[in-house]
Amino acid sequence: NAFNNNDAAENTSVLYCRVDGAGWHACEMPARFLRVSGCYFRNTGPITVGDMSHRGEGLNELGCGQAIITDNVFEGIGRCGGIGVNHGSSQVVISGNLFINYNGTAIRASNATVHNNFPSQNIIIKGNIIDLTCSGEKAAHRTGILLHTSDTIASDNQIYVRGQCDPKVEGIQIRDGALNVNVHDNLIRNCGRGIGTCRLPAQLTEVLDATRFR
């Protein structure tokens, strides 16, 4: 990781940095009040928001995983995505970012959970320009914005491929289980699939009787 902090820090800022070739995360920050702004990320892994549990004192009442990710540039290989909102995030703003020749999913907001946390929610994804043109030979299946979270707004984004339509690209995907999602005023062009939906998978661990399962 280029930047890593796993002690549930508060008020952490990553400002005006250049990161090239970080093989795992560009920035992994389980923190309250994370800000990443004005940076250039090239051929790196994701900025990961959240990855945070609610076990700390007061986090159930105060919330955790708050973040503002603005005015950054992401270019090239998208290892594990560009901006990932993981478990335990709340009150997240992702705006004004540029993705250039990006061969990966640009923005992913997930409602997946692990032990001791709640699903992420209250997210705004606005005003990003996402160019998913693959300039190399190995084009990946990729999505501009992947939405799994409730109470989420995705608006005023541009998602496109330069040149011919790419069948491996999906503009916006909304997954089952996300409630109170508002998607509007986005421009999607030359993507094999513009806006799609997907059922929510689940794991069955035990059949209790004819009508109940865990």
Side-chain angles (χ1 to χ4, degrees), residues 1-100 102-128 130 142-143 145-154:
N1 295 342
F3 299 96
N4 199 167
N5 187 339
N6 284 313
D7 64 357
E10 288 187 354
N11 198 31
T12 301
S13 295
V14 179
L15 307 174
Y16 308 110
C17 296
R18 182 183 190 275
V19 178
D20 190 348
W24 185 222
H25 289 79
C27 179
E28 185 179 10
M29 295 285 189
R32 297 191 73 232
F33 309 119
L34 167 67
R35 178 186 292 272
V36 181
S37 183
C39 298
Y40 173 43
F41 298 102
R42 184 174 185 272
N43 295 333
T44 69
I47 295 173
T48 303
V49 178
D51 274 349
M52 195 168 182
S53 74
H54 288 79
R55 287 177 294 183
E57 183 178 353
L59 291 181
N60 285 334
E61 292 75 27
L62 298 175
C64 62
Q66 296 90 349
I68 299 174
I69 313 296
T70 60
D71 304 328
N72 302 286
V73 175
F74 300 80
E75 184 175 11
I77 300 170
R79 293 192 182 103
C80 302
I83 301 172
V85 180
N86 285 2
H87 48 264
S89 301
S90 59
Q91 301 155 339
V92 176
V93 176
I94 300 170
S95 70
N97 300 284
L98 305 180
F99 292 82
I100 303 170
Y102 205 70
N103 191 24
T105 293
I107 299 171
R108 175 182 51 83
S110 172
N111 64 2
T113 58
V114 295
H115 295 297
N116 303 309
N117 63 30
F118 297 114
S120 298
Q121 59 185 359
N122 306 117
I123 297 165
I124 295 175
I125 302 170
K126 182 177 181 179
N128 302 281
I130 301 172
R142 55 208 187 276
T143 301
I145 300 174
L146 206 60
L147 296 179
H148 308 184
T149 50
S150 297
D151 304 311
T152 298
I153 298 172

What's the separation between atom [atom1] in [X] and atom [atom2] in [Y], rounded to the nearest 0.5 Å?
| X | Y | atom1 | atom2 | result |
| --- | --- | --- | --- | --- |
| F3 | M29 | CZ | CE | 7.0 Å |
| I123 | T149 | CD1 | OG1 | 3.5 Å |
| W24 | N1 | CH2 | CG | 8.0 Å |
| R32 | T12 | CZ | OG1 | 11.5 Å |
| L147 | I125 | CG | CD1 | 5.0 Å |

Could you tell me which residues satisfy side-chain hydrogen bond (donor to acceptor under 3.5 Å, both in side chains) with T48, sequence neighbours excluded, listed by chain and number?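 Partners of T48 by the side-chain hydrogen bond (donor to acceptor under 3.5 Å, both in side chains) criterion, ordered by chain and then number, come out as H25.
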Could you work out, with side-chain hydrogen bond (donor to acceptor under 3.5 Å, both in side chains) as the rule, every residue matching S37, not counting sequence neighbours?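 Once residues adjacent in sequence are excluded, the partners of S37 under the side-chain hydrogen bond (donor to acceptor under 3.5 Å, both in side chains) criterion are T70.
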Please work out whether the ring planes of F74 and F41 are parallel, tilted or perpendicular, with thresholds of 30° and 60°.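 Ring orientation, 0 to 90° scale: parallel.
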Among all residues two or more places apart in sequence or in another chain, which pass the side-chain contact (heavy atoms from CB on, under 4.5 Å) test with [X]?
| X | answer |
| --- | --- |
| F118 | H54, N60 |
| Y40 | R18, R42, V73, E75 |
| D151 | Q121, N122, N180 |

Between the side chain of S13 and the main-chain N/O of L15, is any donor-acceptor distance below 3.5 Å?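 No; zero donor-acceptor contacts below 3.5 Å.
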Check [X] against [Y] and note the closest heavy-atom contact, atom names and distance.
| X | Y | value |
| --- | --- | --- |
| T44 | G21 | CG2-N, 3.6 Å |
| G76 | N43 | CA-OD1, 3.4 Å |
| T152 | S150 | OG1-O, 3.1 Å |

List, one per line, each side-chain donor-acceptor pair under 3.5 Å for residues 81-97, sequence neighbours excluded.
residue	atom	partner	partner atom	Å
N86	OD1	R108	NH1	3.1
N86	OD1	R108	NH2	3.2
N86	ND2	D51	OD1	2.9
S89	OG	V49	O	3.4
S89	OG	G50	N	3.4
S89	OG	N86	O	2.9
S90	OG	C64	O	3.0
Q91	OE1	Q66	NE2	3.2
N97	OD1	D71	N	3.4
N97	OD1	N72	N	3.0
N97	OD1	N72	ND2	3.1
N97	ND2	I69	O	3.1
N97	ND2	S95	O	3.2
N97	ND2	N128	OD1	3.0

